[in-house]
*Asks:* 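Before I ask anything, here is the structure I am working with.
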Amino acid sequence: MRYGQGVALVLAAGSLWSLMGLGLRQIEAANVWQILFWRSVGSLPVLLAFVWWTSGGHPLRQVRKVGLAGVAGGLGLVFAFAGAIYAIQTTTIANAVFLFTASPFVAAILGWVLLGERVRGWTWAAIALAVVGMYLMVREGLAMGALAGNIAALLSAAGFGAFSVALRWGKVKQMLPVSMLGGLFSAMVAAAFLAFQGSSLVPSGWDIGMSLGIGALILALGMVMYTLGSRVIPAAELTLLSLIEVLLAPLWVFLFLGETASPATFFGGGVLLAAVALNAVMGTRAQRTGGLAKAP
């Protein structure tokens, strides 16, 4: 695969994921755990089919290869998936997706604490800038009564950051089996919570269909394209390219649903985007000059 093809796939994945909020806004009455269960069920056949194809008909062998790191990464995705659904349902799409971009910084801090990976000066500067942006958004959310949604978005970012650290910890080159485990764990956790609450696993037919479609067509297909593209694109550049999701998600709900956000949300989100872009650009520059390779 050529570099340009990889870029196109990653941009397509981010564009597809940006429709997630618009899709979840179509859910009529299902709660977070019902959506999580059926969305996970929808994603599993697509991910399993791709893992089957890439493993030459031996998907269990691929799953065994990810080991304990894969299990940890899958559990991280449970937080990422559940937090994202709750955040999108309880705060604005703009607030949610801007706060999701905290995941690279969560990964950097966890990698430093748990794996001893060096965090460079520009990343610490970007983290500080990101904290300012997130503070502006969370403070605005408190005034709007959306603090719980903002916290859920940050927990989602933390879960995805933990997923990323687990991949580095186990040196997992093929991440789709980990994503498949995340979908399986999410379905199990959602079913357990619903049973504990005494709630039905089965919402309306419309909500089930929407959740299944979101899982299969948006979540899973986006993950497949992102995985393919990541094979030829450095991680720092992947971070930069993935910003297309953050930029497009608020646009879709504004165009189709008329949903907007306060000026403080966009200002704080702009600061957060600047922090992510700074980290991605500096990382890419260091990689091209050999700075990352020399670092311990």
Side-chain angles (χ1 to χ4, degrees), residues 17 20-21 23-24 27-48 50-51 59-60 62-64 66-91 96 99-100 102-103 106-107 110 114 148-167 169-170 172 175-204 207-224:
W17 285 335
M20 187 77 69
L24 290 174
I27 300 293
E28 293 178 342
N31 61 36
V32 172
W33 301 111
Q34 290 170 328
I35 297 171
L36 180 62
F37 177 82
W38 290 106
R39 193 185 75 166
S40 301
V41 168
S43 70
L44 284 173
V46 178
L47 294 172
L48 176 60
F50 190 79
V51 172
L60 291 180
Q62 287 281 58
V63 172
R64 284 196 296 266
V66 302
L68 183 59
V71 173
L75 292 175
L77 286 180
V78 175
F79 284 91
F81 293 161
I85 294 171
Y86 184 81
I88 288 173
Q89 285 193 317
T90 54
T91 187
L99 289 171
F100 292 160
S103 58
V106 174
L110 287 178
L114 300 178
N150 288 339
I151 292 174
L154 290 174
L155 285 175
S156 177
F160 199 79
F163 163 70
S164 302
V165 171
L167 295 180
W169 166 39
V172 181
M175 75 176 185
L176 274 181
V178 186
S179 301
M180 193 171 68
L181 286 176
L184 179 62
F185 293 160
S186 295
M188 293 169 61
V189 169
F193 264 94
L194 288 169
F196 177 76
Q197 295 172 350
S199 302
S200 172
L201 191 66
V202 183
S204 68
D207 286 353
I208 290 176
M210 285 298 303
S211 300
L212 288 171
I214 290 170
L217 301 177
I218 296 179
L219 179 63
L221 284 182
M223 189 65 77
V224 168

*Asks:* Could you give me the CA-CA distance, side-chain angles and deciding distance for Asp207 and Ile35, then say whether side chain to side chain contact (heavy atoms under 4.5 Å, CB included) is met?
*Replies:* CA-CA 8 Å; Asp207 286 353; Ile35 297 171; over 6 Å; no
*Asks:* Taking all non-hydrogen atoms of both residues, which atom of Gly149 and which atom of Ala87 are closest, and how far apart?
*Replies:*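 Heavy atoms only, the tightest pair is O-CB, 3.3 Å.
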*Asks:* Can you name the nearest heavy-atom pair linking Leu36 to Phe81, along with the distance?
*Replies:*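 Of all heavy-atom pairs spanning Leu36 and Phe81, the closest is CD1-CB, 3.6 Å.
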*Asks:* Return yes if some donor-acceptor pair links the side-chain N/O of Ser156 with the main-chain N/O of Ala152 below 3.5 Å, else return no.
*Replies:*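 No, the answer is negative, given that no donor and acceptor are paired below the 3.5 Å cut-off.
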*Asks:* What closest approach, in Å, do Leu110 and Gly161 show between heavy atoms, and which atom pair accounts for it?
*Replies:*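 What the structure gives for the nearest pair is CD1-C, 4.4 Å.
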*Asks:* Please report the interatomic distance CG(Leu75) to CG(Leu181), rounded to the nearest 0.5 Å.
*Replies:*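 It comes to 9.0 Å.
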*Asks:* Considering only heavy atoms from C-beta outward, does the side chain of Ile208 approach that of Pro203 to under 4.5 Å?
*Replies:*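 With C-beta onward as the side chain, the pair touches.
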*Asks:* Nearest 0.5 Å please: distance from the CE atom of Met223 over to the CH2 atom of Trp17.
*Replies:*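 CH2 of Trp17 is found 5.0 Å from CE of Met223.
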*Asks:* In Å and rounded to the nearest 0.5 Å, what is the CE to CZ distance from Met180 to Phe185?
*Replies:*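 CZ of Phe185 is found 10.0 Å from CE of Met180.
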*Asks:* How long is the straight-line distance from CE of Met20 back to CG of Leu219, given to the nearest 0.5 Å?
*Replies:*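 So the gap between those two atoms works out to 5.0 Å.
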*Asks:* Identify the heavy atoms of Ser40 and Gly183 that sit nearest to each other, and give their distance.
*Replies:*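 Ser40 and Gly183 have their closest heavy atoms at CB-O, 3.3 Å.
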*Asks:* Let me confirm one number: the CG-CZ distance from Leu77 to Phe163, rounded to the nearest 0.5 Å.
*Replies:*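 Rounded to the nearest 0.5 Å, the CG-CZ separation comes to 5.0 Å.
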*Asks:* Check Phe100 against Ala157 and note the closest heavy-atom contact, atom names and distance.
*Replies:*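 Heavy atoms only, the tightest pair is O-CB, 3.7 Å.
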*Asks:* Just verifying a value: how many Å separate Ile27 CD1 and Gln34 CD, rounded to the nearest 0.5 Å?
*Replies:*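 Between Ile27 CD1 and Gln34 CD, I get 10.0 Å after rounding to 0.5 Å.
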*Asks:* Starting from the C-alpha separation in whole Å, work towards a yes-or-no answer on side chain to side chain contact (heavy atoms under 4.5 Å, CB included) for Ile85 and Trp33.
*Replies:* CA-CA 9 Å; Ile85 294 171; Trp33 301 111; over 6 Å; no
*Asks:* Considering all heavy atoms of both residues, which atom of Val66 and which atom of Val63 are nearest to each other, and what is their separation?
*Replies:*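 Nearest pair, atom of Val66 first, then Val63: CG2-O, 2.8 Å.
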*Asks:* Between the side chain of Trp38 and the main-chain N/O of Leu201, is any donor-acceptor distance below 3.5 Å?
*Replies:*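 Confirmed, Trp38 side chain pairs with Leu201 backbone.
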*Asks:* For Phe79, look at atom CZ and say whether over 12 heavy atoms of other residues, nucleotides or ligands are found less than 6.0 Å away.
*Replies:*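 Atom CZ in Phe79 is not packed in, count stays at 12 or less.
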